[in-house]
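All chains are named by letter (A, B, ...) in the order of the sequence lines, taking the proteins before the strands, and each is independently numbered beginning at 1. Source: prediction; values computed, not measured. What you see below is based on every heavy atom in this structure, not just the backbone, and it leaves out hydrogens, waters and symmetry mates.
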There are 2 protein chains.
Amino acid sequence: MPTRGEPRVTTSPPPRGDLFDPNCPTRHLLDRIGDKWTAMAIKVLAQAHPDEVRFADLRRRIPGISSKMLSQTLQALVADGLLTRRVEATVPPAVWYGATPLGLSLDQPLAILRNWAESHMAEIDTHRRTSQAT
Amino acid sequence: MPTRGEPRVTTSPPPRGDLFDPNCPTRHLLDRIGDKWTAMAIKVLAQAHPDEVRFADLRRRIPGISSKMLSQTLQALVADGLLTRRVEATVPPAVWYGATPLGLSLDQPLAILRNWAESHMAEIDTHRRTSQAT
DNA sequence: CTGTATCCTCCAAGATACTG
DNA sequence: CAGTATCTTGGAGGATACAG
């Protein structure tokens, strides 16, 4: 996730295709979607699909996230076209978020990663404990 | 991406299976492997497999990484059993890193994510530009 | 060559308070 | 309810220097 960005980006034209170029846009994109909160938001909303979920509800379903971070994360995902945002002009207002097809499509790669983590967690744990002996 | 961790972890027993529990070990694991440098190191070494790669060579193949970060990243991956580390007692010494089967297995989920990013980058870019109009 | 040690900067994100 | 504004800080990570 998130992680600190590259120090300086001097050249301008995005040289697509080379993941190892610090200016590579794919790299930035990966940093973004690798973000913890992003991954969780996508998961919740993809699994809720086709239902939408309200802000406060999302907050409840993503334990530990602050209002600020949730807001930021959602804004970025909406801007990227991964989520929709629908405002109900009631009083008090209600805002519903939902996954777009693009957002749904991201959930699959993320799910594969989650599964990998779950499958191999025990193995990794064992290895750490085993090899940490002096 | 690493990303900053959860603020405090008070309870002890790891409640496996609930990705949304802040103490969930899977969540921590995901944070680690989502790290930018980790993803790149795995990619390089998985693609070099079955060849091993030396420290300085890795450094060259991961533009922008510092000696410090590379060292840290590799240490963590070796501790997790994703990489092997082999020291040649020459002068000056040579250290070879290679992917273990576990490391190789991680490259597949990561490759899927990379592919997703590459496939949908254009779409996301377009959406950002389109929707950023006031 | 392969790292470790040290210092230092900077910003992600938590806490808190407040608004439409 | 759904956020934004402001302040603060921990610690990731770059720079640099050095060691085995």
J.: Answer yes or no: does a side-chain N or O of A:Arg85 lie under 4.0 Å from OP1 or OP2 of D:dG3?
T.: yes
J.: I need the CD-P distance between A:Glu52 and D:dA2, as an integer number of Å.
T.: 12 Å
J.: Taking C-beta and beyond as the side chain, do B:Glu88 and B:Val95 meet within less than 4.5 Å on heavy atoms?
T.: no
J.: When the C1' atoms of the five terminal pairs at each end define the local axes, what inter-axis angle does the helix from C:dC1-D:dG20 to C:dG20-D:dC1 show, to 10 degrees?
T.: 50°
J.: Nearest whole Å is fine: how far is C:dG3 P from B:Leu70 CG?
T.: 8 Å
J.: Counting distance alone, no hydrogens or angles: does the base of D:dG3 have a donor or acceptor under 3.5 Å from a partner atom on the side chain of A:Ser71?
T.: no
J.: Where the side chain of A:Thr84 meets the backbone of A:Gly98, is there a donor-acceptor pair that is under 3.5 Å apart?
T.: yes
J.: Could you work out, with side chain to side chain donor-acceptor pair (under 3.5 Å) as the rule, every residue matching A:Asn115, not counting sequence neighbours?
T.: none
J.: Return yes if the base of C:dG14 and the side-chain atoms of A:Lys68 contain a donor-acceptor N/O pair under 3.5 Å, otherwise no.
T.: yes
J.: Can you check whether A:Gln75 has a side-chain N or O nearer than 4.0 Å to OP1 or OP2 of D:dG3?
T.: no
J.: Whole Å only: how far is the CG atom of B:Asp57 from the P atom of C:dC1?
T.: 11 Å
J.: Between CG of A:Asp35 and CD1 of A:Ile42, what distance do you get to the nearest 0.5 Å?
T.: 11.0 Å
J.: A:Asp35 has an atom CG; how far is it from atom P of C:dA12, in whole Å?
T.: 11 Å
J.: Please determine whether a side-chain nitrogen or oxygen atom of B:Arg54 lies at a distance below 4.0 Å from atom OP1 or OP2 of C:dT2.
T.: yes
J.: With a 4.5 Å heavy-atom cut-off, do A:Leu102 and B:His120 have their side chains touching?
T.: yes
J.: Using whole Å, report how far OH of A:Tyr97 lies from C1' of D:dA2.
T.: 8 Å
J.: Kindly compute the distance separating NZ (A:Lys36) from OG1 (A:Thr73), expressed to the nearest 0.5 Å.
T.: 10.0 Å
J.: Would you say B:Ser66 places a side-chain N or O within less than 4.0 Å of OP1 or OP2 belonging to D:dG14?
T.: yes
J.: Rounded off to whole Å, could you give me the CE-to-C1' distance for the A:Met69 and C:dC11 pair?
T.: 12 Å
J.: DNA chain D: B:Gln72 or B:Ser67, which has the more 5' nearest nucleotide?
T.: B:Gln72
J.: How long is the line joining CZ of B:Arg59 and P of D:dA15, in whole Å?
T.: 10 Å
J.: Which whole-number value in Å describes the distance from A:Leu83 CG to D:dA2 P?
T.: 15 Å
J.: Check side-chain contact (heavy atoms from CB on, under 4.5 Å) between A:Val53 and all other residues, then give those that pass, not counting sequence neighbours.
T.: A:Leu45, A:Ala48, A:Asp57, A:Leu58, A:Arg61
J.: May I ask you to verify if any side-chain N or O of A:Arg32 is less than 4.0 angstrom from the OP1 or OP2 atom of C:dA12?
T.: no
